[in-house]
Protein chains: 2
Amino acid sequence: MLLQDVLKELRKAGIRLTPQRQEVLQALFDGLQGECQPQSAEEILQVVRKRYPGVSPDTVYRTLGTFKKLGLVREVNFRDGCRRFELALQGGHHHHLVCLRCGRSRELPFCPADCLVRVQEYCPDFEIEDHAFTVFGYCPKCREESRDVFRETVEV
Amino acid sequence: MLLQDVLKELRKAGIRLTPQRQEVLQALFDGLQGECQPQSAEEILQVVRKRYPGVSPDTVYRTLGTFKKLGLVREVNFRDGCRRFELALQGGHHHHLVCLRCGRSRELPFCPADCLVRVQEYCPDFEIEDHAFTVFGYCPKCREESRDVFRETVEV
DNA sequence: ACGGAATTAGGAATAATTCCTATCTAGGAG
DNA sequence: CTCCTAGATAGGAATTATTCCTAATTCCGT
């Protein structure tokens, strides 16, 4: 799905298409390129401000909230002190493998769908809205680096 | 496992047992009773201050960090603006079903263990430290209440 | 082009978390 | 039991993320 299609859907949903919202959306699309890396509100704000310097944090947060309600954006938590956001396009459902040292993440193409089914059986009256499966640890690069630091410490 | 056993283990691990740390531990144990409800640092602080009024937030955070490193405490995120903590006793591994309205959680006895195996196969050089499986939505009680609100709105 | 409801900027307020440093203390050594 | 010191704490300030408030602006249907 492309930016144009999303804009069309938003218009259809009666969402006012302000330039600020379009820029937030653009930033989210940019984040989709290359390695998957959900962005913090602050990061998105910086991107948006390149074109609209006056944009306020409030606007970014409000826009992300609006998009989240529409199911267009998902929130994830990487345990790095802020919320992160990414596009939730249909067919792109995934989870994350997060490095606790460098904060970078890798997309996981697995989903514990069977668990979700069991959860719904376990609590039939609970209305499931979203779920998170996130694996935390240390990426190969950071493991290597901390090994180096350890060596230096010992040798000195 | 009881508080006494944990204290013994901490001593064995060379962790200084200050009264503040013991109170934090006690608060975490209290949180284990009844419905599982991971606590925020603020909530733990309030409990600890009942006995030690002068305790600082810093101490609670530092203590929780120490316990986390030891694997005694797990951090969870309920999307309510703060980190939450709970004891991670052996055999008690579980996940959470969280209501986005009232913030209460229910313990899930399922774990996507098979997914973890697949993750490790997918990224053999990644050192897995922890994982989170959390289901978000609306509990029966909150669904009922929002239905009431809707009715009122319509009828007036 | 016009009007009204929705949206925004800007700045202040709030809340969570961490930092700093002088002081204190747990627990091992004697 | 007392002494010593590495490690821990209090207290308050600083930082960071997020939300609130309100007057001014703007999208978009008519």
Side-chain angles (χ1 to χ4, degrees), chain A residues 6-27 38-70 72-73 75-85 100 103, chain B residues 6-27 38-70 72-73 75-85 100 103:
Chain A
V6 173
L7 290 178
K8 203 175 294 176
E9 297 229 352
L10 286 178
R11 199 167 274 131
K12 203 164 62 185
I15 303 297
R16 272 172 60 171
L17 286 185
T18 65
Q20 292 91 333
R21 284 178 174 174
Q22 294 185 48
E23 283 305 313
V24 169
L25 206 46
Q26 181 65 62
Q39 296 164 87
S40 67
E42 176 63 26
E43 286 165 351
I44 293 170
L45 180 65
Q46 293 313 323
V47 172
V48 173
R49 279 190 171 163
K50 282 182 190 162
R51 200 182 298 236
Y52 294 92
V55 171
S56 71
D58 194 29
T59 296
V60 171
Y61 279 106
R62 243 183 315 99
T63 302
L64 289 169
T66 303
F67 288 172
K68 224 171 64 167
K69 268 188 207 153
L70 293 169
L72 181 60
V73 159
E75 177 183 334
V76 293
N77 177 274
F78 283 6
R79 296 190 182 166
D80 63 347
C82 64
R83 296 186 283 160
R84 294 185 167 273
F85 305 86
L100 292 167
Chain B
V6 173
L7 290 178
K8 203 176 292 174
E9 297 230 352
L10 286 178
R11 199 167 275 130
K12 203 163 62 186
I15 302 298
R16 270 172 63 171
L17 286 186
T18 66
Q20 292 90 333
R21 284 178 174 175
Q22 294 186 47
E23 284 303 314
V24 169
L25 206 47
Q26 181 64 61
Q39 296 165 88
S40 67
E42 176 62 26
E43 286 165 350
I44 292 170
L45 180 64
Q46 293 312 323
V47 173
V48 173
R49 279 190 170 164
K50 282 182 191 163
R51 199 181 299 236
Y52 294 94
V55 171
S56 71
D58 195 28
T59 296
V60 170
Y61 279 105
R62 242 182 317 98
T63 301
L64 289 170
T66 303
F67 289 172
K68 225 172 62 167
K69 267 189 209 150
L70 293 168
L72 181 59
V73 159
E75 176 183 335
V76 293
N77 177 274
F78 282 6
R79 296 192 182 165
D80 63 348
C82 64
R83 296 187 282 160
R84 295 184 167 273
F85 305 87
L100 292 167

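Just so you know, these numbers use all the heavy atoms, side chains as well, and skip hydrogens, waters and symmetry mates. Reminder, nothing fancy here: chain letters follow the sequence lines and each chain counts from 1.
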So salt bridge (charged side-chain N to carboxylate O under 4.0 Å, His left out) across residues 7-21 of chain B, not counting sequence neighbours, yields none
For A/Tyr61 and D/dT19, is the shortest distance between a side-chain N/O and OP1 or OP2 below 4.0 Å? no
Given side chains that start at C-beta, do those of A/Arg84 and A/Glu43 come closer than 4.5 Å, heavy atoms only?
yes
Note: for A/Ser56 and B/Cys82 on DNA chain C, the residue whose nearest nucleotide lies more 5' is A/Ser56
task = Kindly check if the number of other-residue, nucleotide or ligand heavy atoms within 6.0 Å of CZ (A/Arg49) is above 12?
result = yes
Separation of D/dT16 atom P from A/Glu42 atom CD, nearest Å, is 10 Å
_So A/Pro19, base contact, sugar-phosphate only, or nothing? Heavy-atom distance under 4.0 Å._
sugar-phosphate
With a 4.5 Å limit on heavy-atom distance, are the side chains of B/Val47 and B/Glu23 in contact? no
Under-4.0 Å side-chain N/O to phosphate OP1/OP2 contact, B/Gln20 with C/dT25
no
Separation of C/dA16 atom C1' from B/Glu75 atom CD, nearest Å, is 12 Å
Sorted by chain and number, sequence neighbours left out, side-chain contact (heavy atoms from CB on, under 4.5 Å) with A/Glu75 holds for A/Lys68, A/Arg83, A/Phe85, B/Arg79
Atom CZ of B/Arg84 and atom C1' of C/dA16 are separated, to the nearest Å, by 12 Å
OP1 or OP2 of C/dA16 less than 4.0 angstrom from a side-chain nitrogen or oxygen of A/Arg83, does that happen here? no
note: A/Asp58, atom CG; D/dT25, atom P; distance rounded to Å ~ 18 Å
ask   = Would you say B/Arg62 reaches C/dC20's phosphate, i.e. side-chain N/O to OP1/OP2 under 4.0 Å?
value = no
query: Is there a side-chain contact between B/Leu72 and B/Leu10 (heavy atoms, below 4.5 Å)?
result: yes
Rounded to whole Å, CG of A/Asn77 lies from P of C/dA16 at a distance of 15 Å
Comparing nearest nucleotides in DNA chain C, the 5'-proximal residue of the pair A/Thr66, A/Pro53 is A/Thr66
Give every pair of a protein N or O atom and an N or O atom of nucleotides 28-30 of chain D that lie under 3.5 Å apart, one pair per line with the distance.
unit_1: D/dC28; atom_1: OP1; unit_2: A/Leu17; atom_2: N; d: 2.7

